[in-house]
Amino acid sequence: MLDLRYIREHADDVREGARKKRIPIELDKLLALDEESRKLTFRADEIRAEINRRSKEIGKLPPEERSKAGADVNRLKDELKGAEERLRALVDEIKPLHLSIPNVPSKLVPEGKDDTENVEVRREGAVPQFTFKPKDHVELGESLGILDIERGVKVAGTRNYFLKGDGALLERAVLNLAIDTMMARGFTLLSVPVLVRYPAMEGTAYFPGGEEQAYHCEKDDLFLAGTAEVPVTSFHSDEVLAESELPKKYVAWSYCFRREAGAAGKDTRGIYRIHQFQKVEQVIIAPADADLSERFHQEIVGNAEAVLRALELPYRIVEVCGGDLGLSQVRKYDIETWMPSRERYSETHSASMFFDYQARRLKLRYKDAKAGMKFCYTLNNTVIASPRILIPLLECHQQADGSVRIPKALQSYLGGRDVLKPA
RNA sequence: GGAGAGGUGGCAGAGCGGUCGAAUGCGACGCCUUGCUAAGGCGUUGAGCGGAUUACAUCUGCUCCGGGGGUUCAAAUCCCCCCCUCUCCGCCA
């Protein structure tokens, strides 16, 4: 959510930003309604001031004169009631328009209509060249006896899976490597609730709009978060932090739940797109400073890269173009890791920068000694998400004999083993 | 699930229907005292939305004591509904 005053005073930037994001907005209507609402508010304030003034005088009157004076005030109150009713209607009309105004993308965001026009920033690591016919992760998982999709579907329905033995161990190893890397880099580990209330979903800008993607426990009116970003960014909601506490850097491991509504038939093979997965997520709550946010943005991308490098996986960094940016983002990098079976780089990480768009909704503020109350700036990025990351991990490190090499950094998490062999 | 208590400023915590945006304490900030530190003294300090001037500070109006409704000329204070939190008991990983 953008500040209405900002929208008023920077209408051209807002309009241009929405165009760049290919998001239709009704800015003129919003501005006209806002203007009307401000005028009406002013009028209502005047009436209220008069009522307050007279009420105070009545308090000083002898009791027998009070009822007559009160009658005059009641006439004013009738007038006020009318103004308030119109004002309420206006606010109801303004709110959805206001919420649908997208955050203004950075000047650095490239033009483009959708993800096909994202801009590659750079590539790291060599794409593996196989001298044999490589298997995909489903075949590898089965032959190694570590992945069981059939039983996952039997027990939990489509887009579900079991990891078994070394598969489960491998997943745990990857997650632990990610967590340890982040803690070494000064991030505080949080264990978080994933079943959250509406305001957390709304505050992080998943709602309204994303309701169809979230599992809803109706009996308790709670939602299963699709990412730890939701509880972590909400951690300090409704709080006023001291400037000296910032930035807050958190890393959290959590299960993530996504309904994948509307994705029927898409990415159905294997464990690329599933309903439940585990993710280590990094979140930074920063002071309101655009340059600083840019720096943190680079930092959280760098953190994810460190993990990918440790996993010895080839990847590329992509700058997401305007048309592929969400409502709330100022700028976003995706990291795409090479997946041999898909014969392309595919998204494994997403690093978003929001400025105060989330913080404003979450009432996440800090007190600046000089300028007073300010909304924080928030950022987040994946550190690692499993089992999606197991796809490149298994596929890239497979060997001719059907075994899979374990990268050095992972070995200590797997009892020192350097290879997984078929049964 | 049963019973009770409570939701007030950055935090803790008072609050008689009008003089309450709200005592007090802590914290923060400024100044002073002291060789440094520690400690002490004095003072300042809520937020949101408008308006004026046009500066970046000042002045001014309104709203806000969990949320919504009601009573009243006047509500933090009285009434109703909802939400949330805590305590005890029961059940339980």
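By convention in this document, chain letters (A, B, ...) are assigned in the order of the sequence lines, proteins followed by strands, and residues within each chain are numbered from 1.
In this structure, of B:A74, B:C62, B:G48, it is B:G48 that holds the atom nearest to the side chain of A:M373. Comparing B:A47, B:C73, B:C62 against the side chain of A:V73 picks out B:C73 as the nearest. Among the nucleotides B:C49, B:A47, B:A74, the one closest to the side chain of A:R5 is B:C49. The side chain of A:I58 lies closest to B:G18 when the candidates are B:C49, B:G18, B:G51. Considering only side-chain atoms of A:R365, the nucleotide from B:C49, B:C73, B:G48 that sits closest is B:G48. Of the candidates B:G61, B:G51, B:A74, the closest approach to any side-chain atom of A:R38 belongs to B:G51.
Here the P atom of nucleotide B:C49 and the CZ atom of A:R8 are 9 Å apart, to the nearest Å. Rounded to whole Å, atom C1' of B:C83 lies 15 Å from atom CG of A:D220. Following rounding to the nearest Å, A:E243 (CD) and B:G27 (C1') show an atom-to-atom distance of 16 Å. In this structure, CG of A:L4 is placed 13 Å from C1' of B:G48, rounded to the nearest angstrom. Atom OH in A:Y198 sits roughly 16 Å away from atom P in B:C84 (whole-Å rounding). Spacing between atom NZ of A:K367 and atom P of B:G9 amounts to 12 Å, rounded to whole angstrom units. Across the protein-nucleic acid pair, A:E239 atom CD and B:G9 atom C1' stand 15 Å apart, rounded to whole Å. Following rounding to the nearest Å, A:L246 (CG) and B:G10 (P) show an atom-to-atom distance of 16 Å.
The side chain of A:R53 places no N or O atom within less than 4.0 Å of a non-bridging phosphate oxygen (OP1 or OP2) of B:G18. The side chain of A:R48 places no N or O atom within less than 4.0 Å of a non-bridging phosphate oxygen (OP1 or OP2) of B:G61. Between A:K363 and B:A47 there is no side-chain polar atom (N or O) within less than 4.0 angstrom of OP1 or OP2. Considering only side-chain N and O atoms, A:N52 lies nowhere under 4.0 angstrom from the phosphate OP1 or OP2 of B:A74.
Mapping A:A44 and A:I51 onto RNA chain B via the closest heavy atom, the residue that lands nearer the 5' end is A:A44. Comparing A:R88 and A:E46 by the nucleotide of RNA chain B whose heavy atom lies nearest to each, the residue mapping closer to the 5' end is A:E46.
Look at the P atom in both B:C89 and B:G30: the space between them is 49 Å, to the nearest Å. On the P atoms, B:A5 is 15 Å away from B:C78, given to the nearest whole Å. Going from the P atom of B:U77 to that of B:C16 covers 11 Å, rounded to whole Å. The gap from the C1' atom of B:U34 to that of B:A38 amounts to 11 Å, rounded to the nearest Å. Taking atom P in both B:G13 and B:G68, one finds a spacing of 24 Å when rounded to whole Å. Look at the P atom in both B:U37 and B:U44: the space between them is 25 Å, to the nearest Å. Between B:A23 and B:C92, the distance separating the two C1' atoms is 46 Å to the nearest Å. On the C1' atoms, B:C82 is 27 Å away from B:G90, given to the nearest whole Å.
For the residue pair A:Q358 / A:T204, no side-chain donor-acceptor distance below 3.5 Å is found, with atom types taken as modelled.
Looking at A:E336, A:E305, A:R122 one by one, the single match for side chain to side chain donor-acceptor pair (under 3.5 Å) with A:Y315 turns out to be A:E305.
Ion pair A:E245/A:K367 not flagged as a salt bridge, since none of the NZ, NE, NH1 or NH2 atoms sits closer than 4.0 Å to an Asp/Glu carboxylate oxygen. The residues A:K81 and A:D78 are annotated as not salt-bridged, no charged nitrogen and carboxylate oxygen being separated by less than 4.0 angstrom. One finds a salt bridge joining A:E294 and A:R331 here, because a Lys/Arg side-chain nitrogen approaches an Asp/Glu carboxylate oxygen to under 4.0 Å. We find that A:K266 and A:E260 are not joined by a salt bridge, their nearest charged nitrogen and carboxylate oxygen being 4.0 Å or further apart.
Residue A:D72 is classed as having no contact, given no heavy-atom separation below 4.0 Å to the nucleic acid. Residue-level contact check: A:R197 touches the backbone only, with heavy atoms under 4.0 Å from sugar-phosphate atoms and none from bases.
Of the possible donor and acceptor atoms, one in the side chain of A:H275 sits under 3.5 Å from a partner among the backbone N and O of A:R258.
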Dot-bracket line, read 5' to 3' along RNA chain B, where crossing pairs take [ ] and | marks a partner on another strand, Watson-Crick or G-U under 3.5 Å: ((((((((.[[[..)..(.....]]]((((((.......))))))(((((((.....))))))).[[[[[..)....]]]]])))))))....

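Between A:Y250 and A:F235, the ring center distance clears the sub-6.0 Å criterion.
Shown here is A:R172, whose CZ atom has no more than 12 heavy atoms of other residues, nucleotides or ligands within 6.0 Å.
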